[in-house]
**Student:** 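One structure, pasted below without further comment.
Numbering of ligands and ligand atoms starts at 1, following listing order.
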Amino acid sequence: MCVRSCFRSPRLQWVWRTAFLKHTQRRHQGSHRWTHLGGSTYRAVIFDMGGVLIPSPGRVAAEWEVQNRIPSGTILKALMEGGENGPWMRFMRAEITAEGFLREFGRLCSEMLKTTSVPVDSFFSLLTSERVAKQFPVMTEAITQIRAKGLQTAVLSNNFYLPNQKSFLPLDRKQFDVIVESCMEGICKPDPRIYKLCLERLGLQPSESIFLDDLGPNLKEAARLGIHTIKVNDPETAVKELEALLGFTLRVGVPNTRPVKKTMEIPKDSLQKYLKDLLGIQTTGPLELLQFDHGQSNPTYYIRLANRDLVLRKKPPGTLLPSAHAIEREFRIMKALANAGVPVPNVLDLCEDSSVIGTPFYVMEYCPGLIYKDPSLPGLEPSHRRAIYTAMNTVLCKIHSVDLQAVGLEDYGKQGDYIPRQVRTWVKQYRASETSTIPAMERLIEWLPLHLPRQQRTTVVHGDFRLDNLVFHPEEPEVLAVLDWELSTLGDPLADVAYSCLAHYLPSSFPVLRGINDCDLTQLGIPAAEEYFRMYCLQMGLPPTENWNFYMAFSFFRVAAILQGVYKRSLTGQASSTYAEQTGKLTEFVSNLAWDFAVKEGFRVFKEMPFTNPLTRSYHTWARPQSQWCPTGSRSYSSVPEASPAHTSRGGLVISPESLSPPVRELYHRLKHFMEQRVYPAEPELQSHQASAARWSPSPLIEDLKEKAKAEGLWNLFLPLEADPEKKYGAGLTNVEYAHLCELMGTSLYAPEVCNCSAPDTGNMELLVRYGTEAQKARWLIPLLEGKARSCFAMTEPQVASSDATNIEASIREEDSFYVINGHKWWITGILDPRCQLCVFMGKTDPHAPRHRQQSVLLVPMDTPGIKIIRPLTVYGLEDAPGGHGEVRFEHVRVPKENMVLGPGRGFEIAQGRLGPGRIHHCMRLIGFSERALALMKARVKSRVAFGKPLVEQGTVLADIAQSRVEIEQARLLVLRAAHLMDLAGNKAAALDIAMIKMVAPSMASRVIDRAIQAFGAAGLSSDYPLAQFFTWARALRFADGPDEVHRATVAKLELKHRI
Ligand SMILES: Cc1cc2nc3c(=O)[nH]c(=O)nc-3n(C[C@H](O)[C@H](O)[C@H](O)COP(=O)(O)OP(=O)(O)OC[C@H]3O[C@@H](n4cnc5c(N)ncnc54)[C@H](O)[C@@H]3O)c2cc1C
């Protein structure tokens, strides 16, 4: 059926007719024939390289420009600049070196963009990288066929020398009889000499060859010389044109197949006998057997026997997970759907007798057509891509519209409650193949049942509906067959829709399921996931789906569970794919993606919550009944709201310490008592130590107070439960719980250090907990947690605007088994402290990498030679001894390689993780500063009389008090809301609230403290009260925590993104 429909295609008929006409015309014209060439007069095909055999520089440039936020078209424009005498053409003729080219080219780009520097090095690296510079498979196949027919092949390329003095030719040279490279000849296309050189080496006349190039001027010159030309816009179409000219097919293999893997062989003799009986064939030639690349789960084979093209699908060998690999069901559903007009392959027979080939199997007809394995659909026009995705959507609607009763599928699965059952099934499957604890999976296992959709329709669901399970018509955007029904059942169709959008969120480098999240979908013409969902709802006549993030979370969770199964099988040697072993690591990656969607859904639910009187609500996470889904012994995250479906769950916000859970409330009161009894009374002595000559040594009183705090259990309260779920390192408080305690500590400048909760140690400790290796934790985290050591974080540099961390210039260079760092840093808080043993250093390991992959974080022991502290900086004259804020040079500082955190290029990721909760700690403390300032102000104005009445009776003073109270309450609510969201939906979902409070808290505190200072009179400016210092730090935090403007920009960006 499918073969016939291919030949019915008008386009294909045209191709064949053209070939036929050329053939007959030539015969009539009496031109000589090369009998082995099937009628063609051509004797060679000459290929250009970039844009024909491998991606063109223009296409690579477009990708790079998007990644580096460079205006589109800049690179291409700069490449063309200067024409024959521009740097690009001179580079092609080897008149300048790679370094020289990059220098000139970089300058050109900078001039065009009017910026200081454009990282053209990274463009060049991308252009010449193995990932990008890969020959198109369709061309490889074509070249093989051309040579098999006895024609010669050549490359005629404008190329260049790489810095290693080798020419850039990422091709297998054996494929070509002649290779002509511009950099070797010193001449470039379209100079006629280079074409003549190529023909000379081929020993041919111009008319005997066909030349393929993507650039008009190159083709024009070739045509002028009498060479036949093909303009290459996309390789697939070009190959079709070439086929038409040559008169023979260039694509003969069965696509997406390979020889059968040794471990996957099946007995051919008994299979052949079975097929002869089935098909009623008397005599046959040998049975040809290939294995499809598809079929990760159920091995799938292509069979050719007596001119019949068949496909066999079987269960994998060995012990299988219950209910998996049900090929009998696949057979049944395909048979039924064919009757309902859903395009499926024509199934022939189900053989449940394991004695034939070792396992049950079924046979169907092979359906030729195109399977798009790459969801970015390379080589197609944007309109064609869109049409392909639309066709995919349409066929899904067709599946979901099948009348179950009419096709006899009412009992194909249970009706209703599909998602809860699926969640249970996949949790079970996951548990059955679990090899280690994956935190995101644990969270999802708890979260999913709590957010189940309220309403579900029941239809046939495919269960693995994605682009590469569809066979498309070779010419038209039409689905000829939907493959792989292994996971089909009756269920909620939205699960299929979400599943078919997985690729939208996966990177193109994802090994088992290629993604498009790094592609510009608008430019490609591919509908975004949201649009795809909308398209579906429209076609099905449904209202828009609000909770589709839930469906995405569930889909990714399911993929993670499948990957885990494949991984487990790979460990026992049963997986049918070469990718199987890699899948172990992928499970974790995918589960994190799933969790991201859970977070987004949590955020949506949170935004929809009606705000009832917060005082009447309390959020007692420990009181939540144990979820029936939560397996015994699995972790419980106290930030998850109560065990009820999403729409009824209402996690309340604890806005007062009195609403905290009893143990945390008790902790709060213990801390309050400690502050009153120990900390406030010690402040004058601590203050005078800071003003004394001994200030650069730690105060013995601080050390004494630290011991006391530790003894009272008021130690390491900061580490969020989410980062330390087993409470291995900290008190295991949620962010909201800590907010109340942190505010209290913030009422004194000394309390955070006394309780081992002060910056920058807290951020560094969290960094080590989240990302450190066990060895790094043993060496650095433990002394820090014990309060024996202190640390600093070195990012800011005097020579660059450091609020944009991509500007950081300090270099981290590999040398043997060491990293060598060089750089100039300043404002490094804590670096002068004699107890400071660790510097968490941020610098560039790869200036050519994409912007956010250039930075890395290294753990630098402070006693490493080469660290030169230049001076302590002051903030409004305050030195903040003994830690201070240092200016420092790092000169050839050698650090062992194992001191790298997470790995090269992960610095951004780490910096973000480090400063998420850490930054809102500053806000929590600023509320504490403000409360203390207001308390001092109130006491002061009650005790002083001016102009005949106490200051407190002055209207302006009253107005100031009222204003301060209001502003503190507003800011506190925002702090608590951010903390609550971090607990409820995760740090990423709370990004807007984190940015809002960071924007609000320091200036709010500055205003409140300033009013207090004003009410105090001149005394407010002195060191007799903490007000002046509070004010200084509140002002400094408008930079130290990232400039206000940066937070404002984030808020505005998110506002525009999410609320238009
Ligand atoms: C007390 C204190 C302690 C510090 N501790 C540390 C530390 O321990 N480790 C460390 O690495 N650094 C530390 N810093 C440095 C701090 O992180 C930086 O000062 C901050 O990131 C800003 O960088 P910058 O000073 O280079 O200002 P720049 O980046 O030069 O910015 C200057 C100004 O430009 C404007 N601006 C910047 N971006 C935008 C934008 N997007 N929109 C509009 N305007 C913008 C703002 O007004 C900003 O204040 C500390 C700073 C202080 C004051």
**Student:** Tell me the contacting part of P1043 for ligand 1: side chain, backbone, both, or neither, using a 4.0 Å heavy-atom threshold, strictly below.
**Tutor:** side chain
**Student:** About how many Å separate CG of L976 and CD1 of I927, when rounded to the nearest 0.5 Å?
**Tutor:** 8.0 Å
**Student:** Tell me the protein heavy atom at minimum distance from atom 3 (C) of ligand 1, and give that distance in Å.
**Tutor:** T829 OG1, 3.3 Å
**Student:** Heavy atoms of the protein only: does one fall short of 4.0 Å from atom 34 (O) of ligand 1?
**Tutor:** no
**Student:** For ligand 1 and H885, I'd like to know whether there is a polar contact (N/O to N/O, distance under 3.5 Å).
**Tutor:** no
**Student:** Taking only heavy atoms of T796, which atoms of ligand 1 are found under 4.0 Å from at least one of them?
**Tutor:** 10 (C), 11 (O), 12 (N), 13 (C), 14 (N), 15 (C), 16 (C), 17 (O), 18 (C)
**Student:** Just one of N735, V736, D993 clears the side-chain contact (heavy atoms from CB on, under 4.5 Å) bar with M982, so which one?
**Tutor:** N735
**Student:** Within ligand 1, which atoms have a heavy atom of M795 less than 4.0 Å away?
**Tutor:** 10 (C), 11 (O)
**Student:** For atom 41 (N) of ligand 1, find the nearest protein heavy atom and state the residue, atom name and distance (0.1 Å precision).
**Tutor:** V1046 CG2, 4.0 Å
**Student:** Could K844 and E797 be called an ion pair, given the rule that one side-chain N must be under 4.0 Å from one carboxylate O?
**Tutor:** no
**Student:** Show your working on side-chain contact (heavy atoms from CB on, under 4.5 Å) between M862 and I831 and close with a plain yes or no.
**Tutor:** CA-CA 9 Å; M862 277 303 291; I831 200 164; 3.5 Å; yes
**Student:** Among all protein heavy atoms, pick out the one at the shortest distance from atom 19 (O) of ligand 1; state its residue, atom name and that distance to 0.1 Å.
**Tutor:** F1039 CB, 4.0 Å
**Student:** Looking only at heavy atoms, which two atoms of A805 and M842 are closest? And how far apart?
**Tutor:** CB-CE, 4.5 Å
**Student:** Run the contact test for D880 against ligand 1 with a 4.0 Å cut-off on heavy atoms, strictly below, and give the result.
**Tutor:** no
**Student:** Within the side chain of S748, is there an N or O that forms a donor-acceptor pair under 3.5 Å with the backbone of Y680?
**Tutor:** no
**Student:** Only one of M996, E743, K998 passes side-chain contact (heavy atoms from CB on, under 4.5 Å) with C923; say which it is.
**Tutor:** K998
**Student:** Start with the C-alpha gap between V754 and L686, add the side-chain angles, then the distance that decides, and say whether side-chain contact (heavy atoms from CB on, under 4.5 Å) holds.
**Tutor:** CA-CA 11 Å; V754 166; L686 293 170; 5.5 Å; no
**Student:** For ligand 1, find out whether one of its N or O atoms is nearer than 3.5 Å to an N or O atom of W827.
**Tutor:** yes
**Student:** For atom 2 (C) of ligand 1, what's the nearest protein heavy-atom neighbour? Residue, atom name and distance, please.
**Tutor:** A1040 CB, 3.6 Å
**Student:** Are there more than 12 heavy atoms of other residues, nucleotides or ligands under 6.0 Å from atom NZ of K897?
**Tutor:** yes
**Student:** Going by the order shown, which atoms of ligand 1 are within less than 4.0 Å of some heavy atom of V800?
**Tutor:** 26 (O)
**Student:** Closer than 4.0 Å and a protein heavy atom, does any atom meet both conditions relative to atom 43 (C) of ligand 1?
**Tutor:** yes
**Student:** Heavy atom under 4.0 Å from ligand 1: found in L1037's side chain, backbone, both, or neither?
**Tutor:** neither
**Student:** State whether the shortest distance between N or O atoms of W826 and N or O atoms of ligand 1 falls below 3.5 angstrom.
**Tutor:** no
**Student:** Could you list the atoms of ligand 1 found under 4.0 angstrom from a heavy atom of A801?
**Tutor:** 26 (O), 28 (P), 29 (O), 30 (O)
**Student:** Please confirm whether F793 comes within less than 3.5 Å of ligand 1 when only nitrogen or oxygen atoms on both sides are compared.
**Tutor:** yes
**Student:** For residues 1004-1014, tabulate all N or O donor-acceptor pairs below 3.5 Å that involve a side-chain atom, not counting sequence neighbours.
**Tutor:**
unit_1	atom_1	unit_2	atom_2	d
S1006	OG	P1002	O	2.9
R1007	NE	E967	OE1	3.0
R1007	NH2	E967	OE1	3.3
R1011	NH1	S964	OG	2.9
R1011	NH2	E967	OE2	3.1

**Student:** Does the protein place a non-hydrogen atom closer than 4.0 angstrom to atom 25 (O) of ligand 1?
**Tutor:** no
**Student:** Return a yes/no value for E1045: is any of its N or O atoms, backbone included, closer than 3.5 angstrom to an N or O of ligand 1?
**Tutor:** yes
**Student:** For atom 28 (P) of ligand 1, what is the nearest protein heavy atom, given as residue, atom name and distance?
**Tutor:** S803 OG, 3.7 Å
**Student:** Can you name the residues that form a ring pair (Phe, Tyr, Trp, His ring centres under 6.0 Å) with W1033, not counting sequence neighbours?
**Tutor:** H885
**Student:** Heavy-atom count check: over 12 atoms from other residues, nucleotides or ligands less than 6.0 Å from E703 CD?
**Tutor:** yes
